[in-house]
Amino acid sequence: MSPRPFKLRRISNPPPVSGFKPYGGRKNSGRAETIFLNLEEYEAIRLCDNEMLSHHEASVIMSVSRPTLTRIYLKARQKIAEALVLGKQIIIEGGKIYFDSDWYSCQSCGSYFNNPFKQEEITACPLCGSKEFRAYNPDNNNDEEELSRCADICICPSCGYETPHRFGFPCKDEICSVCGNHLVRKRSPYFSH
Amino acid sequence: MKVAITSNGNTLESKLDQRFGRCQYFTVYDTDTKGIEFIPNPNKDAEEGAGPASVQLVASQGVQKVISGEFGIKIKSLLDSLKIQMVILKQPEKSIQEIIDMLNH
């Protein structure tokens with residue numbers, strides 16, 4: 001059996017630097033050892049620890065599943081910790097990724113175009129030169145949809161009371177407002193009907 | 001700046017080809033010198049890998065902008081990393097001359 005094809009991770013921007021070097025080591029034994037941090041791991045750290053998103057939100061942005069995002073994130077933290085503790089240098093490169101670029105649609109000629117130079121802003125349509133264009137983002141709606149599609153239900157195992165699951169709140173911490181029992185996830189093996 | 005337009009013929013009356021990898025011809029138009037060149041696409045009948053091979057072809061011409069009807073998923077990330085701008089125009093009845101006129105606005 002062949003394994004499932006690898007899902008490419010979506011990255012919004014490459015990192016501003018390509019790595020980090022330690023300095024001030026006690027015994028400078030020539031070149032420091034190197035840790036290779038993948039771009040997807042960099043992106044997971046950026047989303048979870050810099051933008052303070054939940055793993056679920058970050059996974060939607062990177063277009064992978066929530067468990068996969070958590071795995072990438074854990075790997076990233078382990079690598080960074082190893083570099084910090086053992087004084088290794090970090091090089092950010094590699095990973096199975098694709099870059100997400102901004103798309104625009106022109107109102108006067110009906111064309112769609114992207115912006116390959118992320119630093120510079122687009123001032124006119126590259127085809128007809130019209131200034132009547134706007135950002136085109138089909139993913140925006142999809143992200144919302146995907147979040148709601150993943151929506152789950154917490155259910156009371158004894159009386160059947162249901163409430164929508166809140167992300168980041170374990171079901172077992174929620175209390176049934178009817179009979180006071182702890183709730184379980186409706187799709188989980190703990191709940192069978 | 002050089003612009004590549006996918007076309008289904010080698011005249012200015014030819015229409016915009018809606019495919020990128022397997023288009024008949026690439027029209028390379030230089031906006032500075034107004035020079036027009038038609039390059040036949042060697043990958044038009046390729047079984048697979050037509051897209052990346054075509055990207056290589058247009059990139060070797062020094063093109064900075066590509067106009068076509070559609071770009072495949074492989075091509076988008078390739079062109080993105082090469083910093084070539086993609087313009088999607090879903091109007092198959094547009095002729096190459098009309099598109100060049102639009103570029104000169």
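Everything quoted here is computed from the prediction, not taken from an experiment. Atoms considered below: every heavy atom in the structure, side chains included; atoms not considered: hydrogens, waters and symmetry mates.
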>> Please evaluate residues B:F20 and B:F26 with respect to the criterion ring pair (Phe, Tyr, Trp, His ring centres under 6.0 Å), reporting the C-alpha separation (whole Å), side-chain torsions for both, the decisive distance (0.1 Å), and the verdict.
In response: CA-CA 9 Å; B:F20 174 75; B:F26 286 108; 5.7 Å; yes
> For A:K79 and A:E41, what are the C-alpha separation, side-chain angles and deciding distance, and is it a salt bridge (charged side-chain N to carboxylate O under 4.0 Å, His left out)?
Replying inline: CA-CA 9 Å; A:K79 283 186 178 178; A:E41 291 161 349; 3.1 Å; yes
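Interface remark: B:L103 contributes backbone and side-chain atoms alike to the contact with chain A (heavy atom separation under 4.5 Å). Proximity to chain A is limited to the backbone of B:I84, based on heavy atoms less than 4.5 angstrom apart. In this structure, the portion of B:Q91 lying under 4.5 Å from any heavy atom of chain A is its side chain and not its backbone.
Annotation: maximal heavy-atom pairing with chain A below 4.5 Å, among B:Q85, B:M102, B:Q64, occurs at B:Q85.
Salt-bridge check for A:K88 with A:E82: passed, with a basic side-chain N closer than 4.0 Å to an acidic carboxylate O. By the 4.0 Å N-to-carboxylate-O rule, A:E51 lies close enough to A:R46 to be salt-bridged with it.
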